[in-house]
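Below is one structure, written out as structure tokens; comments come after it.
Order of appearance sets the numbers: ligands from 1, and atoms from 1 within every ligand.
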Amino acid sequence: MLEGIHSDARLTSWLVQGRALFLFLHVLGVACFAYIVSRRLVPLIRAERDPRFDRPLARLGKVFKFWLGQWKHPRYKTAGTVHILIFAGFILLAMRAFTVLIVGVSPNFVTPGLSGEAGHLYEVATDYAATVVFLCMVFAIVRRAVFKPARYEVPAKFGKAHKADAIFLLSLIAILMVADSLFEAARAAAQAQPGHVAFAAALSLPWLLKVSLVSLPLPTLGALCFAGYLVHEIAFYFLLCYRPFGIQFHVETSLFNVYFSKLERGKLKPVKWGVSDDHLDRVKSFGVKTFEDFTWKHMLDFYSCADCGRCSDNCPANAVGRPLSPRFISIKARDYAFQHYPMFGRSKNGTPLIGSIYSDDEIWSCTTCGACEEECPLLVEYIDKIVDLRRGLVDEGLVPQSLQKPLKALNSRGNPYGKMEKKKADWTNAKDFQQICPVKTLDKKNGADTLYFVDSITSFDDRMQSIGRATATILDHVGENFGILGTVEKDSGHDVRRFGEETLFMALRDHNTDVIKASGVTRIVTADPHAYNALKHDYKDVPPVEHISQVIAREVKSGKIEFRPVEDGTAVYTYHDPCYLGRHNQVYDDPRDVLDAIPGLKRVEMTRSRDRSFCCGGGGLMLFYEPKEEQRIGVKRVQMAAEAGANVIVTACPFCMVNIEDAIKVAGFEGKITAIDLTELVDQQIARESTVVTKEAAEIPQESVAGR
Ligand code: SF4
Ligand code: SF4
């Protein structure tokens with residue numbers, strides 16, 4: 001690449017004259033960068049521990065897929081394509097940038113392996129890379145400044161916009177590309193003087209500059225070469241040192257953020273890493289109250305957020321005007337870190353976060369649906385942080401009024417409705433049900449292979465009890481030897497834990513674990529994705545668990561379940577993915593396979609489905625919480641189903657059913673759209689030898705004990 005300069009003594013002499021200046025700039029730039037990064041590391045060193053140094057191969061796999069492979073970027077086509085082009089350009093230009101920097105102090109330097117043909121090919125690639133990056137910068141600046149995509153805007157309630165900062169940095173990168181190309185073009189133009197071979201990749205930025213410079217005399221080209229070099233070096237080091245002050249810091253941190261990202265879905269972080277449940281009573285303070293209570297990885301998340309707005313664009317809480325936008329959980333914390341851990345002077349730590357940068361409503365508004373984490377191209381995590389902030393609120397006794405009663409009931413009765421334990425299995429006593437499908441309660445005399453874990457809402461909510469009966473009927477139909485825990489089953493505690501009540505969760509979990517183990521079952525089935533997620537990820541030492549949709553899909557394939565055709569030719573079905581079945585546990589295909597196995601069933605997909613599914617509004621204790629919002633989340637979901645042309649919404653979660661049925665009424669779709677659980681639909685459509693069919697779904701009682 002730089003052979004032309006070496007062969008041309010007059011051009012080289014320009015660089016040689018500046019050698020001392022360039023060396024000074026190198027030393028200054030590297031020293032400033034090292035100092036800035038060392039200051040940025042201070043809060044991470046003081047942060048809570050987070051053991052993320054295990055499974056290096058799995059972590060490297062994530063780096064290849066999500067960082068190098070830019071896996072999530074194409075989810076937003078325009079911005080994603082532009083980002084991939086910039087990223088690829090940067091990767092290609094990285095070596096050239098360092099080579100150019102070294103040439104300033106050692107003009108004869110040639111990167112090992114890049115002389116001859118390989119060097120020529122690399123030169124072509126980098127000429128085009130610089131051109132593409134420059135054009136992408138211009139595009140990004142125009143997009144942010146003129147077209148202003150909504151997801152970049154900053155509502156006043158979330159603080160100040162960082163648009164000017166973003167545009168400044170984009171402009172700086174554009175200048176860097178021009179300076180690099182000018183340096184390259186001046187060299188090529190000098191080579192084009194008589195007796196020399198000129199080269200610049202055709203139609204690239206260096207080529208265009210070369211064409212306009214070629215008639216200039218050599219001394220002028222030498223001066224331009226010097227100027228291009230100097231501007232390149234200043235812009236390079238300025239960018240390097242300025243990035244850690246804003247959103248571009250992700251250029252430095254994203255590789256590490258992806259490497260140290262969470263490896264398992266559905267799992268919550270413990271209250272404190274390194275402290276077992278038995279020793280939690282020794283922990284003085286639960287959860288996150290001050291910035292320093294976050295783990296170092298969570299702080300790295302804050303540094304790595306690129307402020308792209310994809311998380312908030314997909315957040316249901318943000319979509320309905322709740323006071324939560326996940327992007328600002330990161331941005332506000334990063335601004336806090338920059339302010340409280342300044343470049344010079346002492347850090348000012350220990351300020352409570354709630355009331356300073358976050359509000360309690362903001363923290364309670366999250367449904368833990370996981371849409372933000374699914375969307376983030378840099379794998380920034382939110383649920384663990386929000387749950388940790390809730391743990392801090394609970395520890396301070398700052399629980400919302402509407403949640404106090406259900407939490408008290410969970411403590412005393414083991415369910416959030418305050419119902420008597422002895423009523424737990426009343427759903428099996430519905431008229432004629434025991435004759436059609438005898439459900440045994442497991443005890444010392446009555447054993448079974450499989451436990452049907454019912455959980456609170458299905459046990460006590462009149463409407464959801466139908467899901468319990470349909471589930472039991474299906475298990476009976478496929479010949480499963482199953483039973484229930486009955487009065488000794490307590491709430492799984494899934495949402496108790498996600499609302500920050502770790503101690504109460506532990507009591508529920510320990511009780512259920514003991515009774516499950518005592519029952520002697522070898523597997524567990526549930527129709528409640530929250531119970532499924534809890535038993536799978538929050539419990540230890542219990543038998544393997546499946547969601548009923550997985551059992552049904554398997555038995556459809558085995559031939560044990562056959563369906564009769566759908567009679568209503570006008571029905572158009574759509575499947576709503578429950579967050580704790582889909583996004584958190586990746587069960588997307590089984591429910592769809594079951595629906596597609598029913599003859600004559602017409603199914604359409606909502607635009608937001610599978611891993612981009614839109615939460616119903618949240619389950620568990622979220623049913624009792626009364627957030628500030630402009631619209632119900634469930635109403636938006638029902639509108640999405642209507643837009644897809646569906647008139648039957650199939651769910652696979654009792655909480656989704658509560659929210660969606662409620663939303664159908666609120667949105668004015670009563671009589672036009674209905675909701676049905678997958679188990680109810682399967683129960684209706686199973687082809688039985690006998691004509692006795694459990695028509696639960698046709699006789700759904702309208703009363704509900706759920707919160708709203
Ligand atoms: S957290 Fe991720 S998705 Fe959200 S703004 Fe930051 S980088 Fe974008
Ligand atoms: S988990 Fe869901 S509700 Fe919570 S911040 Fe993320 S997208 Fe929003």
Side-chain angles (χ1 to χ4, degrees), residues 66-67 70-73 75-76 79-80 83 87 149-154 158-159 161-162 166 246-251 253-254 257-258 261-262 265-266 268 297-335 358 361-390 495 498-499 533 577-580 582-584 608 611-620 622 625 627 629 632-634 636-637 659:
F66 295 106
W67 187 79
Q70 299 275 287
W71 190 259
K72 294 203 178 180
H73 279 280
R75 291 165 78 95
Y76 281 74
H83 194 276
F87 181 81
R151 75 189 155 91
Y152 296 142
E153 294 306 310
V154 182
F158 293 122
H162 292 67
I247 63 165
Q248 286 276 342
F249 199 17
H250 77 273
V251 176
T253 61
S254 58
N257 206 53
V258 171
S261 62
K262 201 170 178 171
R265 290 168 179 269
L268 273 188
K297 172 59 176 65
H298 289 169
M299 292 184 187
L300 188 63
D301 275 351
F302 299 143
Y303 285 169
S304 304
C305 171
D307 201 13
C308 69
R310 293 172 185 222
C311 51
S312 297
D313 201 29
N314 285 273
C315 170
N318 184 47
V320 297
R322 288 190 188 183
L324 167 67
S325 172
R327 165 190 174 202
F328 295 102
I329 296 283
S330 289
I331 303 294
K332 288 190 285 188
R334 188 180 55 208
D335 288 351
Y358 302 138
D361 281 344
E362 184 176 8
I363 302 308
W364 293 116
S365 285
C366 172
T367 68
T368 69
C369 72
C372 49
E373 297 187 0
E374 189 70 44
E375 207 60 46
C376 179
L378 300 173
L379 310 189
V380 169
E381 295 156 19
Y382 281 106
I383 295 174
D384 279 346
K385 291 185 194 116
I386 287 173
V387 169
D388 257 346
L389 284 157
R390 288 176 177 177
D495 299 277
R498 278 145 192 85
F499 268 74
N533 194 63
D577 292 274
C579 304
Y580 276 99
R583 241 179 332 250
H584 289 291
R608 292 197 55 176
D611 64 354
R612 261 196 170 157
S613 180
F614 190 82
C615 180
C616 66
M622 192 48 80
Y625 181 57
E629 57 190 2
R632 286 197 188 169
I633 293 175
K636 262 204 175 297
R637 190 53 169 162
N659 284 319

Check: Near T368, which atoms of ligand 2 are under 4.0 Å from a heavy atom of that residue?
Finding: 1 (S), 4 (Fe)

Note to self: With a 4.5 Å cut-off on side-chain heavy atoms, are E374 and R75 touching?
What the structure shows: yes

Notebook entry, point to check: Quick one: which ligand 2 atoms are inside 4.0 Å of a heavy atom on C366?
Noted result: 1 (S), 3 (S), 4 (Fe), 5 (S)

Next item on the list: Around atom 1 (S) of ligand 1, find the nearest protein heavy atom and jot down its residue, atom name and distance.
Entry: Y382 OH, 3.0 Å

Next item on the list: Considering the heavy atoms of L324, write down every atom of ligand 2 situated less than 4.0 Å from one of them.
Entry: 5 (S)

Item checked: Straight-line distance of D611 CG to C579 SG, nearest 0.5 Å -> 11.5 Å

Next item on the list: Under 4.0 Å from a heavy atom of P316: give me the atoms of ligand 2 that qualify, with their elements.
Entry: 2 (Fe), 7 (S)

Next item on the list: Among all protein heavy atoms, pick the one closest to atom 8 (Fe) of ligand 2 and tell me residue, atom and distance.
Entry: C315 SG, 2.3 Å

Next item on the list: For the pair R265 (side chain) and R583 (backbone), establish whether a donor and an acceptor sit closer than 3.5 Å, ignoring hydrogens and angles.
Entry: yes

Checklist line | Heavy-atom nearest neighbour in the protein, as seen from atom 3 (S) of ligand 2, with distance rounded to 0.1 Å | finding: T367 N, 3.4 Å

Next item on the list: Output all residues satisfying salt bridge (charged side-chain N to carboxylate O under 4.0 Å, His left out) with K385, sequence neighbours left out; order by chain, then residue number.
Entry: D301

Next item on the list: Return yes if some donor-acceptor pair links the side-chain N/O of R151 with the main-chain N/O of C308 below 3.5 Å, else return no.
Entry: yes

Checklist line | N, O or S of C369 under 2.8 Å from atom 2 (Fe) of ligand 2 | finding: yes

Next item on the list: Check the pair R327 / E375 against salt bridge (Lys or Arg N to Asp or Glu O under 4.0 Å), numbers first and verdict last.
Entry: CA-CA 11 Å; R327 165 190 174 202; E375 207 60 46; over 6 Å; no

Next item on the list: Tell me, please, which residues at least two apart from K332 pass salt bridge (charged side-chain N to carboxylate O under 4.0 Å, His left out).
Entry: E362

Margin query: Using only atom types and a distance under 3.5 Å, with no angle test, would you say the side chain of N533 pairs donor to acceptor with the backbone of G266?
Written below: yes

Notebook entry, point to check: Near atom 4 (Fe) of ligand 1, which protein N/O/S atoms are found at less than 2.8 Å?
Noted result: C311 SG

Notebook entry, point to check: Hey, is the main chain of N314 close enough, under 3.5 Å, to the side chain of N318 for a donor-acceptor pair?
Noted result: no

Margin query: Does anything in residues 364-373 form a side chain to side chain donor-acceptor pair (under 3.5 Å)? List the pairs, not counting sequence neighbours.
Written below: T368-Y580

